Amino acid sequence: MAADPDRYAVFGNPVVHSKSPQIHQWFARQTGQDISYSKQLVEEGQFESAAARFFRSGGKGLNITMPFKLNAFTFADRVTPRAERAGAVNTLARQGDGSILGDNTDGAGMVADITANLGWPLDARRVLVLGAGGAVRGVLQPLLSEGPGRLLIANRTVAKALQLARNFRDLGRIQVCGFEDLAGQQFDLVINGTAASLAGDLPPLPEGLLGDGACCYDMMYAAEPTVFLRWAREQGAQACADGLGMLVGQAAESFFLWRGVRPDTAAVIKLLRQALCRGQVPPVG
Ligand SMILES: NC(=O)c1ccc[n+]([C@@H]2O[C@H](COP(=O)([O-])OP(=O)(O)OC[C@H]3O[C@@H](n4cnc5c(N)ncnc54)[C@H](OP(=O)(O)O)[C@@H]3O)[C@@H](O)[C@H]2O)c1
């Protein structure tokens, strides 16, 4: 009799919108892995008991989405250095000894999308990151490890950007400022990590921010270009991309942690983009 497939799931609230089951089934098919992957709505205050039950019953791994990334951080028996830096866990993996490892794959997913899928170099480039929330915190370590020439965080609340710069100062220099201080500066890559796009808003950005050949990346994704990416085109950006590749990239990192194989993300991004454009995938980021 064939063995049951290894079980994985995504926990969140809400979770109905999650594309993770679809993405991981595509990865599994592509790499010949026999897994099952479901989504589970978890009530607030119930994360620890639900996760413990999942692993006790033989589950191999979980993806964690809003609002449980901090719960998962404390639930894990130990966390990877990048999860420690991010202060949040989006992937739990049961180890051979039964202990639970916590990881954060969001940042690695975005950097892999930028460097490998899009082919945009980061080394020695002038990089501007807009926003200083959870998503930005998660991408700083992998960004710094690519050796940008300059890394500046601009945020509405400058104190939050300052705190991030302090937390990461042993890994590299991060400068900070408010949006009003950006006038007269130029960058090779601008990454929008604010939640402004979700409301169709644009942070107040000055003219002339993009240097020759500059690229722009929005962590949010949608069927149509986001307001930030429309602004980028108007400003003469050479290339633009939204965060669909980041979503698939973080999933690929989780899949690698669980299964030890790297799926082809470009093929899955293409499938997901087609589904998004047909209206089969709700836009978020
Ligand atoms: N593609 C993916 O896989 C992926 C994964 C994670 C997140 N994301 C996207 O990343 C973005 C940020 O998420 P998050 O979890 O970091 O959110 P968060 O922790 O709530 O942080 C939100 C950030 O956006 C800023 N902000 C909000 N509204 C703004 C506005 N109108 N103008 C300027 N700044 C504004 C906030 O500034 P203050 O500090 O001043 O409040 C803060 O820096 C969202 O668009 C999310 O969809 C994408």
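Indexing begins at 1, ligand by ligand and atom by atom, following the structure's order. The structure presented is a predicted model; accordingly, all values stated were derived computationally and were not measured.
- Proximity to Gly131 (heavy-atom distance under 4.0 Å) selects the following atoms of ligand 1: 43 (O).
- Closest approach of Asp6 to Arg259, counting heavy atoms only: OD2-NH1, 2.7 Å.
- Taking every non-hydrogen atom of Met220 and a distance limit under 4.0 Å, the qualifying atoms of ligand 1 come out as 45 (O).
- Between Gly243 and ligand 1, an N or O atom pair is found at a separation short of 3.5 Å.
- Between Ile35 and Arg7, the closest side-chain pair of non-hydrogen atoms is not below 4.5 Å.
- Atoms of ligand 1 lying under 4.0 Å from at least one heavy atom of Lys160, given by number and element, are 38 (P), 39 (O), 41 (O).
- By the 6.0 Å and 45° rule, Arg262 stacks over the aromatic ring of Phe256.
- Not one N or O of Pro203 is nearer than 3.5 Å to an N or O of ligand 1, by distance alone.
- When heavy-atom distances to ligand 1 are checked against a 4.0 Å cut-off, Leu198 comes that close only through its side chain, counted from C-beta outward.
- Identified under the salt bridge (Lys or Arg N to Asp or Glu O under 4.0 Å) test for residues 82-107, with sequence neighbours left out: Lys69-Asp106, Arg82-Asp103, Arg82-Glu253, Arg85-Asp170.
- The ligand atoms of ligand 1 that sit less than 4.0 angstrom from a heavy atom of Thr157 are 38 (P), 39 (O), 40 (O).
- Between Ala195 and ligand 1, at least one pair of N/O atoms sits closer than 3.5 Å.
- Which of Asn155, Leu244, Val139 comes nearest to atom 37 (O) of ligand 1 through a heavy atom is settled by distance: it is Asn155.
- With Lys39 contributing its side chain and Val16 its backbone, the two residues share a donor-acceptor pair below 3.5 Å.
- By the ring-ring contact (aromatic ring centres under 6.0 Å, His included) test, Trp231 is found to be paired with Phe228, residues two or more places apart in sequence or in another chain being considered.
- Contact record, Leu92 with Trp258: O-NE1, 3.1 Å, taken as the closest heavy-atom pair.
- Under the 3.5 Å distance criterion, with hydrogens and angles disregarded, a donor-acceptor pair is assigned to the side chains of Tyr217 and Asp113.
- Residue Ala132 places a heavy atom less than 4.0 Å from ligand 1.
- Side-chain contact check for Leu272 versus Val248: some heavy-atom pair is nearer than 4.5 Å.
- Among Thr105, Ile191, Val129, Thr194, the residue whose heavy atom lies nearest to atom 34 (N) of ligand 1 is Thr194.
- At a heavy-atom cutoff of 4.0 Å, ligand 1 is contacted by both the backbone and the side chain of Arg156.
- Closest to atom 9 (C) of ligand 1 by heavy atom, among Met246, Met219, Met110, is Met219.
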